[in-house]
Amino acid sequence: MKRLWRWFYNLKRAGALGVWLGLGLGFFWLWLGGFAQSPHLLVVDIGVGALGLLAMGLAFSRRKFQTVGEFQGDLELGLSILISSFLFAAGFRPDGFPAVFLCLACCTLLFSKRSVGWLCGAAIFLDVPVTLLGQGGRNWKGFVAHVFWMALFAAFYHLVLSAKFWSARRAEKNAIEARMKELEKRALRLRLSGETYSSQTEWLLASVREVDGALENLLKVLHYALRADSAAVFLVSEDRQSLCWHLGAGDIQQHKREPFLSTEGALSAVLKKEAPLHLFSENGLKSLGYCAGRTHAIQALLATALKGKEGVVSGIVLVERAKGAPFQAEDEVQLSVLAQEIQRVMDLERIMVNVRRNASERDRFFRVVNDLNRSSSPEQVLSAIIESARHIAPLDFCAITLVDDSEGKRFHRIARVSGGDVSMEQKAFEDNVGLVASVVRYGVALPSKDTLPSERHVVFCENILLGSMGSIKVFPLTAGERTLGTLVVGSKKKLAIEADGLRMLEVVAISAAQAVLRAQLFEQMEKMATMDGLTGLYNHRTFQVRLDELLSASKRYGRQCSLILFDVDHFKSVNDKYGHPIGDYVLKRIGKLLRKLARDSDIPTRYGGEEFALIMPETDLQGAQVIAERIREAVMAEMFQTEQGMLRVTVSLGVATFPECAKDKAALIEMADKRLYMAKRKGRNCMVATSSNKGASSKLLRESTTSSLLAQ
């Protein structure tokens, strides 16, 4: 065995020596002038050619049997092909040079992009003795032409090859999509026809698609809520020896799709300790066993375990950031909540197995889940929950309540009502001993028996009466450890809701809680993207978007649109004297005043810092002046209680109107801003609506002693 290894090692060294000796001799002979320069050197030409062919054969063998690395093997074989083609071109100049183009095109098809780049550089260098210095003078024109055509041939063949690969991938993707659409149609047809599934495979297909649809929505919420670049779920195999990628959202191209050992990589720590994992490195995390390829630029990783019944870990959910700050403790809390929802979605499928008794029940149930999973906005979710419950059981009354724990008190709001007194919708009541409040408090369905008449219980509160119902049941809308509200169902008949119907309604309540949570998260993210967190007004980005829209409408229909810009006078003095918390309080109160004074069609925004803006569609300059004066007077009359006494502030305002004062958005903002600073120069606590301001000093300068007001 040792002799065989020694022989192979010597053969490997001899092969490398033969290859590079042939390459060196061919390169040296090329610089001396190449083939066919003299009939006396015919024997030498033949010897160099034979040695070149031997070097090419050795390079091919070393690359094929992988005795060298991929890049080195490509260079050895490619250089031997190129040097041979250049020797051929030198011997038959100028008719032999197309052989170089052909060989370079072959190298483009055979080798990697990195290798082709190096070979193109080598081809340019080898063309120096053949073309530039080959005929006793400097042939720059021919040399540049050869370089151009070599680059063109390499690029052209690379594009052709890429186009073929793209076409093949496209055809494969289209075939898969066509097959999946066919399966979807079959599953949907079976689901709606009311017939039983013909095979277990078709049932599994429908079940997997339902669960995957809910998981995809939760992962999208996780992706956007934690500002991550990607989010993914990995499931543990039955033998618990491996992990496999299941679903993801965001940039998930580097995630392995094939199973990998659960004892290797960073995720093994999550399975061993069953605790969240935080990782961060500015240089990028390494040894992530679930990533394919040689490199994967991930700086921050947060992962947690999915625990099913009896605390058994069923998988891992993780989020990644390619760049940015590490994940914080609040991110871990959000990840844990959504991980529980993901596990609940998977557990939901196990509950669904218990409720599919006959074809009609399955049909109704799947339509319910479909409607809930497809709903995104809060209004759509509430409507889908009501319709879902009514499809499950014969109900005469259905309502949804939501919980609000703001300002240290718990309130319950009746968000949607169907089949009862519609006037009770949107009514709120405090926490009490009624059924709804008790279900939220304890997180279990009440009454404890199947159903009971409503006369025996207070459902909402003493002031909101449900009416006579022979059967009543309240289910909690629980998402993780939070109870978001309740689902109240009732029937005028006693024992009208059977046990199977109650179990289905319990599943609907679980799905409804997930849908409500998802809708609230989407609504919260949308609000964060458009609203200012301190004042509750629209932010600067929304200001720009809405102003563009309103000015476009004004141009189209020939209408006016006014803009008021104003800021707080001497606001820096307020922060310096009373502190930044008081400054924030002042801005918050001014935002509240602006919302109160603005009309329904107006757009109140926080422009930035202590500066505010009010967009008024279909309003002329005179109407805008009236609103601006109201704002100035309301702010001046407002009193702010502080530890150092009462505080008053004033504002300066600038007003401009489209198209009277400006012809586009930039000019309109600039004009309003100039008039704002004109008001500052005139003593503050005033409004300026004209650039000349002739004869309007008594109207514009309401107060001139702003400093005395600030001192009060």
Donor on one side chain, acceptor on other, Thr657 and Ser562, under 3.5 Å
yes
Salt-bridge contact Arg630-Glu633 (side-chain N to carboxylate O under 4.0 Å):
no
Do side-chain atoms of Glu332 reach the backbone of Thr304 as a donor and acceptor pair under 3.5 angstrom?
no
Is the number of heavy atoms from other residues, nucleotides or ligands within 6.0 Å of CD (Glu638) greater than 12?
yes
If only side-chain N and O atoms count, and only distance matters, is there a donor-acceptor pair under 3.5 Å linking Arg599 with Thr619?
yes
Between Glu216 and Lys220 (salt bridge meaning N to carboxylate O under 4.0 Å), is one present in this structure?
no
So does Ala415 get a backbone contact from the side chain of Gln426, meaning a donor-acceptor N/O pair under 3.5 Å?
yes
Set out, in order, the CA-CA distance, both residues' side-chain angles and the distance that settles side-chain contact (heavy atoms from CB on, under 4.5 Å) for Ser652 and Leu676, then state yes or no.
CA-CA 6 Å; Ser652 300; Leu676 167 62; 4.0 Å; yes
Please check this pair: side chain of Gln328 against backbone of Pro326, looking for a donor-acceptor N/O pair closer than 3.5 Å.
yes
Just so I know, are the side chains of Gln340 and Gln343 near enough to count as touching, which here means a heavy-atom distance under 4.5 Å?
no
Qualifying ring-ring contact (aromatic ring centres under 6.0 Å, His included) pairs with a residue from residues 545-569, counting only residues at least two apart or across chains
Phe566-Phe612
Any salt bridge (Lys or Arg N to Asp or Glu O under 4.0 Å) involving residues 528-553? Give me the pairs, sequence neighbours left out, ordered by first then second residue.
Asp532-Arg606, Arg546-Glu549, Asp548-Lys665
For Phe571, all residues meeting ring pair (Phe, Tyr, Trp, His ring centres under 6.0 Å), sequence neighbours excluded:
none
Donor-acceptor check, side chain of Ser230 to backbone of Ala249, threshold 3.5 angstrom: yes or no?
no
Flag the pair Ile615 / Cys561 as yes when at least one side-chain heavy-atom distance between them is below 4.5 Å, and no otherwise.
yes
Between the main-chain N or O of Tyr538 and the side-chain N or O of Thr542, is there a donor-acceptor pair closer than 3.5 Å?
no
Is the centre of the Tyr607 ring less than 6.0 Å from the centre of the His540 ring?
yes
Salt bridge between Asp431 and Lys409, side-chain N to carboxylate O under 4.0 Å?
no
With a 4.5 Å limit on heavy-atom distance, are the side chains of Val417 and Phe397 in contact?
yes
Close side-chain approach of Leu517 to Leu484, heavy-atom, < 4.5 Å:
yes
Run through Gln625, Glu660, Gln560 and flag the one making a side-chain contact (heavy atoms from CB on, under 4.5 Å) with Asp620.
Gln560
Looking at Glu430 and Arg410, is there a salt bridge between them, counting it only when a charged N and a carboxylate O are closer than 4.0 Å?
no
Rounded distance [0.5 Å steps], CG in Leu614 versus CG in Leu594
5.5 Å
In terms of side-chain geometry, is the basic nitrogen of Asp567 or Arg684 positioned less than 4.0 Å from the acidic oxygen of its partner?
no
Check the pair Asp584, Lys588 against salt bridge (Lys or Arg N to Asp or Glu O under 4.0 Å), reporting the backbone distance first and the verdict last.
CA-CA 6 Å; Asp584 291 343; Lys588 188 175 181 180; over 6 Å; no
Does either side chain, that of Tyr585 or that of Arg589, offer a donor lying less than 3.5 Å from an acceptor on the other one?
yes
So do the side chains of Thr605 and Asn539 get within less than 4.5 Å of each other, counting heavy atoms only?
no
Ion pair check, Lys323 and Asp229, cut-off under 4.0 Å
no
Leu487 CG to Thr401 OG1 distance, which is reported to the nearest 0.5 Å
8.5 Å
Atom pair CG/CG of Leu302 and Leu222 - distance to nearest 0.5 Å
8.5 Å
For the atom pair CE (Met636) and CG (Asn685), what is the distance rounded to the nearest 0.5 Å?
5.5 Å
